[in-house]
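One structure below.
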Amino acid sequence: LELLERGYASSLAPSNARALGLLEGPIQLQGPSSAALHGLLIDPQTCGPLLAALPAAAAQGALEAIRAAGSLQAALIGRVL
């Protein structure tokens with residue numbers, strides 16, 4: 001985020017800029033926002049698949065909620081022992 005605030009960005013980020021349109025639909029940012037934050041959200045290094053770690057007891061419920069929100073390819077991929 002600090003580098004984006006200084007004007008550094010990936011050369012591929014502009015092609016991902018259309019993803020910002022998603023923030024006008026069912027996905028909404030809450031709280032203050034900035035151009036640098038938007039840049040982080042569309043940067044090719046950070047806007048790919050989401051990987052989340054959470055307690056095993058919450059995993060199935062989270063997966064169901066994500067799928068219900070429209071991300072049908074969401075999957076449990078492993079666990080940390």
Side-chain angles (χ1 to χ4, degrees):
L1 188 56
E2 181 180 332
L3 291 173
L4 288 166
E5 288 170 345
R6 291 185 192 179
Y8 293 96
S10 167
S11 62
L12 299 175
S15 66
N16 286 0
R18 68 179 167 268
L20 288 175
L22 294 173
L23 299 176
E24 297 170 1
I27 300 170
Q28 298 289 317
L29 289 178
Q30 293 184 2
S33 184
S34 67
L37 178 59
H38 287 183
L40 184 65
L41 294 173
I42 64 163
D43 188 276
Q45 299 175 81
T46 59
C47 74
L50 175 64
L51 180 62
L54 58 148
Q60 191 59 41
L63 181 61
E64 290 171 7
I66 291 168
R67 287 181 176 163
S71 295
L72 302 179
Q73 294 179 338
L76 299 176
I77 62 167
R79 63 185 192 164
V80 176
L81 300 174

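Since the structure is predicted, the reported quantities are computational estimates derived from the model, not experimental observations.
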Show which side-chain atoms of residues 58-78 pair as donor or acceptor with protein atoms under 3.5 Å away, not counting sequence neighbours.
| from | atom 1 | to | atom 2 | distance (Å) |
| --- | --- | --- | --- | --- |
| Gln60 | NE2 | Glu64 | OE2 | 3.3 |
| Arg67 | NE | Ala74 | O | 3.1 |
| Arg67 | NH2 | Ala74 | O | 2.9 |

Taking distance alone, no hydrogens or angles, what donor-acceptor pairs closer than 3.5 Å link side-chain atoms of residues 4-11 to residues at least two apart or in another chain?
| from | atom 1 | to | atom 2 | distance (Å) |
| --- | --- | --- | --- | --- |
| Arg6 | NH2 | Glu2 | OE2 | 2.5 |
| Ser10 | OG | Leu12 | N | 3.1 |

Checklist entry - How would you list, by chain and number, every residue that makes a side chain to side chain donor-acceptor pair (under 3.5 Å) with Ser34, sequence neighbours excluded? => result none
